[in-house]
Each structure stands twice: as C-alpha cells, then as structure tokens.
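Below is one structure, written out as structure tokens; comments come after it.
Note that ligands are numbered from 1 as they come in the structure, with each ligand's atoms numbered from 1 the same way. Just so you know, these numbers use all the heavy atoms, side chains as well, and skip hydrogens, waters and symmetry mates.
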Amino acid sequence: MPEDGTVSPRRISRRTRGERTKRRERYLLSTGKNNCALENNEISHDISASSGDSAIYSVENNNWDKCQRVAMGNKISNANQTTSKPRDHLYKILVIGDLGTGKTSIIKRYVHRFFTQHYRATIGVDFALKVLNWDENTLIRLQLWDIAGQERYGNMTRVYYKEAVGAFIVFDVTRKNTFDSVTNWKTDLDSKVQLPDGSPIPCVLLANKCDQLKESLANNKNMEEYCQENGFAAWFETSARDNINIDEAARALVEKILEQDALLNSEAKKGSGQFSVTLDSNDQKNGRKSCAC
Ligand code: GTP
Ligand code: MG
C-alpha cells in the first residue's frame, strides 16, 4: 500500500468479480439493503423523478428470487390503487434468445443509451430497470430480465419466467440458426408462463443486428406469416449498435401489456360489480410492424 494510505489500482484490479460481488453483498447485508433495486425505495424514487432514467443491476447468488418476490409485492400493491391516484405499474419483461444475439446490448442501448462491440456472455440472469413516464397519470417500471442464451430452455427458465407479463425473443439476422431457435424459445416461454386467464404473455420478436443486413426484412411476407402463426404481437428489425427500432419495439410491447392488463382488470371488475377502467396509451406506431394477432 502506498505511504499516503491509498489503495493502489493494481490491488483493486486483482479482485475477481466473485470477490467484488461478495464484498458488495456483505456491505448491503450490513446496511440492511440487498442488490435488488426494486426493494430499495431510495433508488426507485430517484429514478422515477425524471423521465427515461433507469438503472441496471446484476443479480447474482440467487438474489433474483428476492427481486421476484418484491416484484410480485409491487404488482399486488398496484392492483389495489384507486383510479383517482396516478397509476404506477411494474412489469416484468423477459429478454430471451440464443447466445450472442444481442440481448444484453439491446437492454444496454435501451436503458443506458450505450453500445459496445465487446462481447461478454451473460451468466444466469442480469436485470435492468427502465422507468417510463407513459402519460401524465401513468408511470411504468419495466423490470427487464436479461436471460443468458446458454440457459437454452433448461430447467432454470421456468423459475426466471415466473410472473413475467411480456417478452422479447431476439435472433441475430446474420446467423440463421438463431432464427431457427426462435420457435423453441417461444414454445418454452408459452409452456412455462401464462397470464392469469391462461393466455400467452405478449411477445415481440426482434430481428437484431439489422445494421449488418444488405437488404431489409421489412417487406418479407414470410416474417408476417411466421409471427401470426407463432403468436407474436409484433416484430421489428433492430440494431443495438445503431439504435434502430428499440424504443419502438419496447413501446409496442408495453402497449400490448397495457391492453391485456386493462382487459384482465375489466373482467375482474365486472365480476365484482365495479366499473371497468380503460387505460390511455399513446399510439406511436413509427417504424412498427404489427401482426394481426
Ligand atoms: P448472451 O449473454 O451470451 O446470451 O449474449 P447476448 O444475446 O446478450 O449478446 P450480446 O448483447 O452480449 O452481444 C453479442 C455480440 O453482438 C457483442 O459483440 C455485441 O457487440 C454484438 N451486437 C449486439 N447487438 C448488435 C447490433 O445490433 N449490431 C452489431 N453489429 N453487433 C451487435
Ligand atoms: Mg447477454
């Protein structure tokens, strides 16, 4: 250690990721916090103070389970809100697809407006929070679950998918085999998670790395048919690198989720003899390719 008592950069860099995580966890435990952003009200409130602000948090050592419980708790408290108060929704969104298709890059672009060519495979699951001031009465928190491509419809996906209300399936337009896997991902998703009424959760297909394409897929009728046949709410050509269609795709998914949410709420309220409430949503369809399903 240098004489002035500072820790040398070399010493810091020697710590492994695991050690840093453990230190962080020890600190968080000692301060009564954990690394789940959604439980940390200070962070959530800071985030919600300004539009589009967001945060990304790594979930390691099974802390996702705790986050899951917090997410569920928030969802329940939202459901109890009266219509006169501003509505605050927390939606769990899955981002799935083969290895290296660009899931993490899409999330980083969406949440942090940032892109790097450097590839570091996700291990297990990471998650990020995106806060949207949807309209003057509605705040939406998207809890984005970035699931490692190497999970490949394994047993863990059932746990990760629990309570999700929407999903992106990502493939890489430069690697056909990643498109071939999309059906498997979709089947895996639909078999492991459903909305309370038993219907599939809304899912948007992302044809990522479109900056590498010579010819756009936009006029590809097969894609439309494919989406209809396989129950995708919409599909988009995206590029995390060039920031193409990522906001639009997210907006399309949120619109679909709000639609389903309103439908389920109105059904529930009809059952209990109350009036149903239709949620307002901005209809921004720029660059959007919707399927009629
Ligand atoms: P796993 O975590 O292993 O499942 O991979 P991933 O799907 O999270 O992929 P990731 O975001 O790490 O990206 C893989 C590689 O593709 C990285 O080198 C990225 O820089 C690159 N990449 C991601 N999106 C794009 C894109 O839109 N265009 C281009 N050209 N490269 C991209
Ligand atoms: Mg990743």
Return the residue, atom name and 0.1 Å-rounded distance of the protein heavy atom closest to [atom].
atom: atom 9 (O) of ligand 1; answer: Gly102 N, 3.1 Å
atom: atom 18 (O) of ligand 1; answer: Gln117 O, 2.6 Å
atom: atom 23 (C) of ligand 1; answer: Ser105 OG, 3.3 Å
atom: atom 22 (N) of ligand 1; answer: Lys209 CE, 3.6 Å
atom: atom 14 (C) of ligand 1; answer: Tyr119 CD1, 3.4 Å

### Query
Taking the inter-plane angle between the rings of Phe232 and Tyr226 on a 0 to 90° scale, is it parallel (under 30°), tilted (30 to 60°) or perpendicular (over 60°)?
parallel
Polar contact flag for [X] and ligand 1 (N/O pairs, less than 3.5 Å):
X: Gly100; answer: yes
X: Lys103; answer: yes
X: Ala240; answer: yes
X: Gly149; answer: yes
X: Thr104; answer: yes

Of all the atoms in ligand 1, which lie at a distance below 4.0 Å from a heavy atom belonging to [X]?
X: Ser239; answer: 27 (O)
X: Ala121; answer: 2 (O), 3 (O)
X: Asn208; answer: 24 (N), 25 (C), 27 (O)
X: Thr122; answer: 1 (P), 2 (O), 3 (O)
X: Thr116; answer: 19 (C), 20 (O)

Are any side-chain N or O atoms of [X] and backbone N or O atoms of [Y], one a donor and one an acceptor, separated by less than 3.5 Å?
X: Ser199; Y: Leu195; answer: no
X: Arg109; Y: Arg241; answer: yes
X: Lys209; Y: Phe171; answer: no
X: Asn245; Y: Glu248; answer: no
X: Thr178; Y: Asp172; answer: yes

### Summary
Within the 4.0 Å heavy-atom cut-off, what Asp211 brings close to ligand 1 is side chain
### Query
Looking only at heavy atoms, is any part of Gln212 under 4.0 Å from ligand 1, and if so is it the side chain, the backbone, or both, or is it neither?
side chain
Pair [X], [Y]: side-chain N/O donor-acceptor within cut-off below 3.5 Å:
X: Thr138; Y: Asp135; answer: yes
X: Asp126; Y: Thr104; answer: no
X: Thr122; Y: Lys103; answer: no

### Message
For the CG atom of Asp146 and the CD1 atom of Ile107, what is their distance to the nearest 0.5 Å?
### Response
4.0 Å
### Query
Rounded to the nearest 0.5 Å, how far does NZ of Lys256 lie from CD1 of Ile201?
13.0 Å
### Whether Ser105 has an N, O or S atom under 2.8 Å from the Mg ion (ligand 2)
no
### Task
Please calculate the OG1(Thr104)-the Mg ion (ligand 2)-OG1(Thr122) angle and round it to 10 degrees.
90°
### Task
Report yes if the distance between the aromatic ring centroids of Tyr110 and Phe168 is under 6.0 Å, otherwise no.
no
